[in-house]
Each structure stands twice: as structure tokens, then as C-alpha cells.
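The next block holds one structure in the form of C-alpha cells; read it before the comments.
Every number for a ligand or one of its atoms is a count from 1 in the order of the listing. Index from 1, following the sequence.
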Amino acid sequence: RATRGGEEVRGYVPSMGQIFLRRFQLVTQFRQALEDGQVSVHYQPKVSLPDKNVVGVEALVRWVHPEFGRVNPDEFVPAVEATGLVGALTSFVLDQALDRVRRWLDEGLEMSVAVNLSVRSLADEDFAEQVADALARHGVPARLLTFEITESAVMADPQRALPILGELHDLGIELAVDDFGTGYSSLAYLRRLPVDQVKIDKSFVFGMSTDLGDLAVVRSIVELGHSLGLSVVAEGVEDDSSRDQLEAMGCDVAQGYLISRPLAEDRLEAWLLARTA
Ligand code: C2E
Ligand code: CA
Ligand code: CA
Ligand code: CA
């Protein structure tokens with residue numbers, strides 16, 4: 001019941017072959033897509049909880065494909081990660097993000113940007129050097145850059161990842177553990193990682209105003225993070241009651257649709273202006 005052009009019809013389930021084909025197309029077309037301007041970066045603001053200041057933004061990649069339309073990063077990032085192209089993705093996003101921070105600095109605004117790192121980047125021995133070069137090229141101080149890494153990315157190969165994380169941290173870059181609470185790894189590991197922040201996974205934050213179990217998880221991550229001297233960020237904050245509860249618990253930073261969705265650059269500028277007006 002598929003229509004021409006591969007358009008999806010309600011109730012139509014693509015076959016494994018079709019999923020595989022689409023994934024193959026995404027991977028083989030990604031480099032060209034970067035060159036053709038189909039890929040861009042959106043930014044989602046993060047606000048500090050007690051005073052609601054904008055403390056920074058998270059860079060999130062977007063791809064508008066000529067045939068498939070908007071492709072979700074949850075689909076194409078893993079596909080790209082499985083190839084040698086992830087370096088091109090990371091350096092594209094990093095370059096855009098640092099350019100954005102540089103232009104803010106020129107306007108007298110100190111804003112930090114967080115970039116998501118894939119497992120593959122943590123296996124590249126030259127990675128810290130490449131990042132140091134990018135910071136120097138853009139004239140951005142390292143403290144205005146944060147890398148978000150998932151626990152599972154680190155745990156995939158800690159022997160390789162840990163020295164690279166150490167080098168990045170020594171440069172003065174902030175490190176955040178993303179999707180915290182979803183991995184299998186032990187809390188003991190958190191102590192050994194050179195990290196500055198934990199981000200509570202949005203799945204717990206979504207449920208915290210209705211589910212006591214989720215609320216308990218959120219509360220214990222806030223306490224654990226603070227007892228290790230880390231800053232705690234909650235992602236996926238969608239309603240006032242979650243925001244208020246997070247603030248009452250002492251969570252440091254909130255990010256989510258309640259504050260703002262990820263925005264294209266021009267819309268972010270308008271959003272920032274409206275807030276300071
Ligand atoms: P993530 O790093 O956990 O990013 C947070 C995701 O949650 C983003 O989805 C964001 O749009 C979404 N989000 C934020 N607040 C809310 C909320 O209040 N409600 C809901 N329902 N969602 C919210 P997005 O942009 O689709 O990205 C999905 C994932 O793709 C990211 O998860 C990250 O793992 C990956 N990704 C995105 N950009 C990049 C990138 O530049 N490099 C790499 N390696 N991965 C990326
Ligand atoms: Ca993230
Ligand atoms: Ca996350
Ligand atoms: Ca995620």
C-alpha cells in the first residue's frame with residue numbers, strides 16, 4: 001500500500017529491506033548533503049533554575065533531505081556513526097557552534113555552547129588536538145564549549161575514551177554526561193570520569209510530576225551529582241510543575257520545550273532578544 005515515491009501511507013509498515021535501503025541512502029548521501037547545505041544546526045537554550053538566566057545552548061543537528069524531507073537525528077546520526085563519516089558530522093557541528101559563539105562574543109555576549117559527541121570521536125586519538133585547533137581558529141575560549149557524551153559511549157571502550165576525555169578537560173572544555181540514568185554503568189565510574197555536569201535523561205523528567213518512581217530517580221541524580229561536585233541539568237522539561245519541583249530540589253539548569261524548542265539561528269536571536277527586552 002505504499003504510494004509512488006516511497007511516501008508513507010497511514011498503516012503502512014516499511015519492510016526491513018526498505019529500512020535498510022533508506023539507511024544506506026542516508027549514509028551514502030550525507031557528505032553531499034553537508035556540501036549542499038541540507039544540514040544545519042539548531043540551538044536549544046538552557047536556563048539556570050533559580051534566576052532563569054540563559055546559561056548556554058545545545059547544538060542539535062538537522063537534515064532536510066530533498067526526497068525524505070526532515071530526517072530525525074535519532075535516525076541518521078546512528079547511521080552516520082556506523083561509518084567513517086562521523087568526524088565530518090562532528091567537525092561541521094563544532095564549526096557552526098564555535099562560529100555562533102564567536103559572533104556572540106563580538107556582540108559582547110558570553111554564551112556557552114554544548115556539542116554532542118559520538119562514541120567514534122572518542123576513539124580518534126587526534127580528537128583533542130582537532131578541537132584545540134578549532135577553538136583557536138574561531139578565537140573561542142575553551143570554557144565556553146561543553147561536550148555532551150553518553151555514558152554508554154564512554155563505557156564502549158573506556159581505555160580509549162578516558163585519555164581523550166582527560167585531554168579535552170585539560171584544555172578547559174566542560175564535559176557533561178548525557179542521558180544520565182539510562183546506562184548500565186556503575187555510579188562508581190562517574191567518579192573516575194573528568195566530568196563537570198550530569199544531564200538527567202528526559203524520560204525521567206517527563207514522568208516526574210505523575211510518577212513517584214521517576215521523581216525518586218530525578219531526586220537521587222540531583223543529590224548524587226551535587227555530592228560529587230557536579231552541576232546537574234534536567235532535559236525534557238515540558239511543564240511548570242516539573243520545573244518547580246526541579247528548582248525546589250536544587251537542580252541547577254533546565255532545558256526543554258517549556259523554555260524553548262531547538263531553534264534555527266535567526267529564531268534563536270529573536271528569542272534571546274525577546275527575553276532580555
Ligand atoms: P540528546 O542529545 O539527548 O538531545 C536531546 C533531544 O531531546 C533533542 O532531540 C531535543 O530536541 C529533544 N528535547 C529537548 N527538550 C525536549 C522536551 O521538552 N520534550 C521532548 N519531547 N524532547 C525534547 P533531537 O534534536 O531530535 O536529537 C536527538 C538525538 O540525536 C540527541 O539526543 C543526540 O543523541 C543526537 N544528536 C543530535 N545532534 C547531534 C550532533 O550534532 N552530533 C551527535 N553525535 N549527535 C546528535
Ligand atoms: Ca545532548
Ligand atoms: Ca540527552
Ligand atoms: Ca538521547
Open item on the list: Could you tell me if the side chain of Phe180 sits less than 4.5 Å from the side chain of Val217, heavy atoms only?
Closed with: no
Open item on the list: Is any side-chain heavy atom of Glu107 closer than 4.5 Å to one of Trp104?
Closed with: yes
Side chain, backbone, both or neither: [X] near ligand 1, heavy atoms under 4.0 Å:
X	answer
Asp178	side chain
Leu60	both
Val77	side chain

- [ ] For the pair Arg70 and Glu75, evaluate salt bridge (charged side-chain N to carboxylate O under 4.0 Å, His left out) and give the outcome as yes or no after the intermediate values.
- [x] CA-CA 11 Å; Arg70 253 188 269 183; Glu75 178 179 9; over 6 Å; no
Residue [X] vicinity, atoms of ligand 1 by number, heavy atom under 4.0 Å:
X	answer
Val237	18 (O)
Pro262	11 (O)
Gly256	15 (N), 18 (O)
Asn72	26 (O)
Glu238	17 (C), 18 (O), 19 (N), 20 (C), 21 (N)
Asp74	28 (C), 29 (C), 30 (O)

Closest non-hydrogen atom pair between [X] and [Y], with its separation:
X	Y	value
Ile149	Leu165	CD1-CD2, 3.7 Å
Ile173	Leu145	CG2-O, 3.4 Å
Phe68	Gln25	CZ-OE1, 3.3 Å
Ser118	Glu81	CB-OE2, 2.7 Å

Has [X] got any heavy atom lying under 4.0 angstrom from an atom of ligand 1?
X	result
Gln255	no
Lys199	no
Arg62	yes

Task: Connected via hydrophobic side-chain network under 4.5 Å: Leu60 and Val39 - done: no
TODO: Assess Arg23 against Phe20: is NZ or CZ under 6.0 Å from the centre of the six-membered ring, and within 45 degrees of the ring's axis?
DONE: no
- [ ] Kindly determine whether Ser242 and Gln245 satisfy side-chain hydrogen bond (donor to acceptor under 3.5 Å, both in side chains), including the steps that lead there.
- [x] CA-CA 5 Å; Ser242 320; Gln245 278 175 303; 5.1 Å; no
Task: Pair Asp240 + Arg243, salt bridge at N-O below 4.0 Å - done: yes
- [ ] Could you name all protein N, O or S atoms found under 3.0 Å from the Ca ion (ligand 2)?
- [x] Glu58 OE2, Asn116 OD1, Glu148 OE1, Asp178 OD2
Open item on the list: Suppose we screen for salt bridge (Lys or Arg N to Asp or Glu O under 4.0 Å). Which residues come up paired with Asp95, at least two apart in sequence or across chains?
Closed with: Arg137
Task: Option with minimal heavy-atom separation from atom 15 (N) of ligand 1, where the choices are Arg261, Glu81, Gln44, Glu58 - done: Gln44
- [ ] Compare Ile149, Thr182, Val119, Asp179 and give the one whose heavy atom is closest to atom 3 (O) of ligand 1.
- [x] Asp179
TODO: For the residue pair Asp36 and Gln32, confirm or rule out a side-chain donor-acceptor distance under 3.5 Å.
DONE: yes
- [ ] Ignoring angles and geometry beyond distance, decide whether Glu148 reaches within less than 3.5 Å of ligand 1 through its nitrogen or oxygen atoms.
- [x] no
